[in-house]
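This report refers to the structure that appears directly beneath it.
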Amino acid sequence: MNSINKLFETVFSPLAPFSLWIVRFTLGVSFFLHGWGKLPLPPTKLMALFERIGMVAPELIANLVALGEIGAGAGILLGGILKGNIGNIITRVSALGITIIMIGAFYFAHSDWFINAKLFKSEQIFLFALALFFLINGNKR
């Protein structure tokens, strides 16, 4: 067992500095593309959902969600590039935006997923969990 562990350490330890970037890149690109897929504005499918549930100003909210997804995804990436407090703040603000958007998605679009197999088989739970990770940790390694 010890030799297997040493083998893993030898092979993968040099990659450790990149591990956080793998997570950051996955979340940032994924969220950016979720928003990009809602273009051109207004995102008609999202707007129709908001109209159906009786949300006030559905076009405005749908536009803000799409732009928020693009901005938060880009912010997660940018926050990792920028050093110091500014990078940390951009990471955390972007993660907060993703967290809020995902809570809205769970509440409005996927309310039937609350704590069941559908939720834990979806990519949305991972976007939410990764956003919470960056919200809590910022740019700490």
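Numbering of residues begins at 1 and proceeds along the displayed sequence.
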Check: Applying the 4.5 Å side-chain criterion to the ILVMFWY set and letting contacts propagate, would Ile53 and Tyr107 be lumped into a single cluster?
Finding: yes
Checklist line | Rounded distance [0.5 Å steps], CG in Leu27 versus OG1 in Thr91 | finding: 10.0 Å
Note to self: Please say yes or no: joined through hydrophobic side-chain contacts below 4.5 Å, possibly via intermediate residues, are Phe133 and Ile22 part of one cluster?
What the structure shows: no
Next item on the list: Check whether Leu78 and Leu135 end up in the same hydrophobic cluster, where Ile, Leu, Val, Met, Phe, Trp and Tyr are linked by side-chain heavy atoms less than 4.5 Å apart.
Entry: no
Note to self: On a heavy-atom basis, which atom in Met47 and which in Pro42 lie closest, and how many Å separate them?
What the structure shows: SD-CB, 4.0 Å
Notebook entry, point to check: If you look at every heavy atom in Pro58 and Phe50, which pair is closest and at what distance?
Noted result: CB-CB, 3.6 Å
Notebook entry, point to check: Side chains of Leu20 and Phe25: closer than 4.5 Å at any heavy-atom pair?
Noted result: no
Margin query: I'd like to know whether Arg92 forms a side chain to side chain contact (heavy atoms under 4.5 Å, CB included) with Ile136, so could you lay out the CA-CA distance, the side-chain angles of the two residues, the decisive distance to 0.1 Å, and finally the verdict.
Written below: CA-CA 8 Å; Arg92 285 194 158 143; Ile136 293 165; 5.8 Å; no
Margin query: Quick check: do Ser30 and Leu127 have side-chain heavy atoms less than 4.5 Å from each other?
Written below: yes
Checklist line | Min side-chain heavy-atom separation Val23-Phe134 under 4.5 Å | finding: yes
Next item on the list: Evaluate the side-chain proximity of Glu69 to Leu33: yes if any heavy-atom separation is below 4.5 Å, no if none is.
Entry: no
Checklist line | From Thr10 atom OG1 to Lys6 atom NZ, the distance as rounded to the nearest 0.5 Å | finding: 9.0 Å
Checklist line | Verdict with reasoning, Ile70 to Leu39, per side chain to side chain contact (heavy atoms under 4.5 Å, CB included) | finding: CA-CA 10 Å; Ile70 291 169; Leu39 297 179; 4.0 Å; yes
Margin query: Show the nearest heavy-atom pair for residues Phe31 and Gly73, with the distance to one decimal.
Written below: CB-CA, 4.1 Å
Next item on the list: Write down the atom of Ala16, the atom of Ser19, and the distance for their closest heavy-atom approach.
Entry: O-OG, 2.8 Å
Note to self: Under the criterion side chain to side chain contact (heavy atoms under 4.5 Å, CB included), I'd like the reasoning laid out for Leu46 against Glu59: C-alpha separation, chi angles, the key distance, then a yes or no.
What the structure shows: CA-CA 9 Å; Leu46 188 58; Glu59 183 174 344; over 6 Å; no
Margin query: For a 4.5 angstrom cut-off between non-hydrogen side-chain atoms, does Leu41 reach Leu67?
Written below: yes
Next item on the list: Give the minimum heavy-atom separation between Thr99 and Ala131, together with the two atoms involved.
Entry: OG1-CB, 3.5 Å
Margin query: Main chain of Gly84, side chain of Asn88: is a donor-acceptor contact present, judged purely on distance under 3.5 Å?
Written below: no
Check: Shared ILVMFWY cluster between Ile100 and Val93, side chains joined below 4.5 angstrom?
Finding: no
Notebook entry, point to check: Roughly how far, to the nearest 0.5 Å, is OG of Ser94 from CD1 of Ile89?
Noted result: 11.5 Å
Next item on the list: To the nearest 0.5 angstrom, please state how far the CZ atom of Phe128 sits from the CD1 atom of Ile125.
Entry: 6.5 Å
Check: Rounded to the nearest 0.5 Å, what separation is found between the CG atom of Leu130 and the OG1 atom of Thr26?
Finding: 7.5 Å
Check: Roughly how far, to the nearest 0.5 Å, is CG of Leu49 from CD1 of Ile61?
Finding: 12.0 Å
Check: Taking all non-hydrogen atoms of both residues, which atom of Ile101 and which atom of Gly68 are closest, and how far apart?
Finding: CD1-C, 3.8 Å
Notebook entry, point to check: Does a side-chain heavy-atom distance below 4.5 Å link Ile81 with Trp21?
Noted result: yes
Margin query: With clusters defined by side-chain heavy atoms of hydrophobic residues (ILVMFWY) lying less than 4.5 Å apart, directly or transitively, does Ile98 cluster with Ile103?
Written below: yes
Next item on the list: Indicate yes or no: at least one non-hydrogen side-chain atom of Asn139 is less than 4.5 angstrom from one of Arg24.
Entry: yes
